[in-house]
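Notes for the one structure printed next.
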Amino acid sequence: MRKGTSVLLATLAASTLAAGAGTATAAPVEAIAPYAQAAAQVSPFGTLTKAKNIDTVERKRTGVYCVHVSDPGIDLSRSVLTATLRSHDSRGGSIRALTEPHPVCGNDVHTITVATFRADGTNVNSGFFLTVQ
């Protein structure tokens with residue numbers, strides 16, 4: 001293999017890994033959030049990178065995520081959420097988080113539906129922080 005070809009292949013492999021394709025899912029780091037019932041740091045691809053009482057995140061479609069709370073003792077209907085965008089790609093965008101069961105997440109009472117948007121209102125994959133108080 002020529003040097004130019006190997007550099008190109010290495011660059012393509014690195015960009016593929018950076019884009020989230022073909023990466024192995026590692027267990028999230030335990031989040032230290034003493035005043036939150038649950039907390040999560042989520043990548044734009046729906047990867048749970050830090051968590052407290054959150055066991056899974058599933059990206060259902062562009063910019064729509066289902067965040068499952070693992071502790072059945074947390075009553076989302078009585079909880080207060082804080083959701084913050086973390087990606088520079090969503091500059092000027094917004095985030096919405098619902099504690100009510102939603103059909104996109106199977107109407108599960110232990111799942112938070114999160115949607116992220118560009119400034120123009122269209123969905124965009126964006127990383128976010130989420131806390132449940």
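At least one donor-acceptor pair closer than 3.5 Å links the side chain of Thr49 to the backbone N or O of Gln41. Listed for the Thr116 side chain is a donor-acceptor partner under 3.5 Å among the backbone atoms of Val124. Between the side chain of Arg118 and the backbone N or O of Asn123 there is at least one donor-acceptor pair closer than 3.5 Å.
When all heavy atoms of Leu130 and Ala97 are compared, the pair lying nearest together is CD1-CB, 4.3 Å. Minimum interatomic distance between Val132 and Ile112 (heavy atoms only, all atoms of both residues): CG2-CD1, 3.7 Å. In this structure, Ser79 and Ile74 approach most closely via the heavy-atom pair OG-CG2, 4.0 Å. Here the closest non-hydrogen pair linking Ala38 and Ile54 is CB-CD1, 4.0 Å.
Both Leu81 and Val57 are members of a single hydrophobic cluster when ILVMFWY side chains are connected at heavy-atom separations under 4.5 Å.
Partners of Lys60 according to the salt bridge (charged side-chain N to carboxylate O under 4.0 Å, His left out) rule, which considers only residues two or more places apart in sequence or in another chain, are Glu58.
Between atom OG1 of residue Thr99 and atom CZ of residue Arg78 there is a gap of 12.5 Å, rounded to the nearest 0.5 Å. From His102, atom NE2 reaches atom OG1 of Thr111 across 12.5 Å, with rounding to the nearest 0.5 Å.
Contact check for Thr56 versus Leu48: no side-chain heavy atoms found under the 4.5 Å cut-off. The shortest side-chain heavy-atom distance between Val109 and Ser77 does not fall under the 4.5 Å cut-off. Contact of the Asn125 side chain with the Arg59 side chain is registered, since non-hydrogen atoms from C-beta on lie closer than 4.5 Å.
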**OP:** Test Gln133 against Tyr35 for side-chain contact (heavy atoms from CB on, under 4.5 Å), laying out the working first.
**Re:** CA-CA 7 Å; Gln133 288 92 24; Tyr35 302 107; over 6 Å; no
Can you list, pair by pair, the side-chain donor-acceptor contacts under 3.5 Å of residues 62-73, counting residues two or more places apart and other chains?
from  : atom 1 : to     : atom 2 : distance (Å)
Tyr65 : OH     : Pro44  : O      : 2.7
Tyr65 : OH     : Ser126 : N      : 3.2
Tyr65 : OH     : Ser126 : O      : 3.4
His68 : ND1    : Asp55  : OD1    : 2.7
His68 : ND1    : Asp55  : OD2    : 3.4
Ser70 : OG     : Asn53  : O      : 3.2
Asp71 : OD1    : Gly73  : N      : 2.7

